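What follows is a single structure, written as structure tokens, with notes after it.
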Amino acid sequence: QVQLVESGGGLVQPGGSLRLSCAASGSIFSIYAMGWYRQAPGKQRELVATIPSGGSGNYAESVKGRFTISRDNAKNTVYLQMNSLKPEDTAVYYCNAVLDASGSLHFKDYWGQGTQVTVSS
């Protein structure tokens, strides 16, 4: 059983900052990549940023230069530092991990429950 638990969402004014965290726990043999996606009301879920094991972050164009993804492999945790937030960043943010939970090198997607980020004055 694998669990991804997110924290750090909330209400922030435009131009403000938030830091999201996501910790993966349970039967984990190895993690290939972790990342963040978001879904605004009436829209499809979209990629925000991902980071592979031992690699650097990949970002959606809309957040480049404002968001930074980082990862603590020892803690199976991924972070998303969000600066200069805009109202259009308002969405439910979901943590994602591509990991092997069986030791068979069969990597699958796992998702957190989501955390609300609201950017409003």
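What you see is a predicted model, and the numbers here were worked out from it, not measured in a lab. Throughout, residue positions are numbered sequentially from 1 according to the sequence presented.
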Please answer: with hydrophobic residues joined when any side-chain heavy atoms are less than 4.5 Å apart, are L80 and V12 in the same cluster?
yes
Check the hydrophobic clustering (I, L, V, M, F, W, Y; side-chain heavy atoms under 4.5 Å; chains of links allowed) and say if L105 and V98 are grouped together.
yes
Do L20 and V117 touch side chain to side chain, with heavy atoms closer than 4.5 Å?
yes
Of all the heavy-atom pairs spanning R66 and D89, show the shortest one and how long it is.
NH1-OD2, 2.7 Å
Count I, L, V, M, F, W, Y as connected when their side-chain heavy atoms are under 4.5 Å apart, and connections chain through other members. Are V2 and M34 then in the same cluster?
yes
Closest heavy-atom contact between T118 and Q116?
OG1-NE2, 3.3 Å
With heavy-atom distances below 4.5 Å as the criterion, would you say the side chains of Y59 and T68 are in contact?
yes
Contact check, side chains of V63 and R38, non-hydrogen atoms, under 4.5 Å:
yes
V78/C95 under side chain to side chain contact (heavy atoms under 4.5 Å, CB included): CA gap, chis, key distance, verdict:
CA-CA 8 Å; V78 64; C95 176; 3.9 Å; yes
Test applied, side-chain contact (heavy atoms from CB on, under 4.5 Å); reference residue, W36; option that passes from I69, N96, I51, T50
I69
Would you give the length of the straight line joining atom OH of Y32 to atom CG of D100, rounded to the nearest 0.5 angstrom?
14.0 Å
Measure up the W111 and Y37 rings against each other and bin them: parallel (under 30°), tilted (30 to 60°), perpendicular (over 60°).
perpendicular
Go through the steps for C22 and Y94 under the test side chain to side chain contact (heavy atoms under 4.5 Å, CB included), then give the verdict.
CA-CA 9 Å; C22 171; Y94 295 91; over 6 Å; no
Is Y93 close to E6 at the side-chain level, that is, under 4.5 Å between some pair of heavy atoms?
no
side-chain contact (heavy atoms from CB on, under 4.5 Å) test vs P87 passes for just one of S120, S121, P14, namely P14
Tell me if the CD atom of E88 is crowded by more than 12 foreign heavy atoms within 6.0 Å.
yes
Closest heavy-atom pair and its distance - R71, S53
NH1-N, 3.0 Å
Ignoring hydrogens and angles, tell me if any N or O in the side chain of S27 forms a donor-acceptor pair with the backbone of A101 under 3.5 Å.
yes
Counting distance only, does the side-chain N/O of S104 pair as donor-acceptor with the main-chain N or O of S102 below 3.5 Å?
no
How far apart are the C-alpha atoms of Y79 and D72, what are their side-chain angles, what is the distance that settles it, and do they pass the side chain to side chain contact (heavy atoms under 4.5 Å, CB included) test?
CA-CA 8 Å; Y79 306 94; D72 185 333; 4.1 Å; yes
Are the side chains of L18 and F67 in touch, meaning some heavy atoms are under 4.5 Å apart?
no
Does any non-hydrogen side-chain atom of M82 lie less than 4.5 Å from one of V48?
no
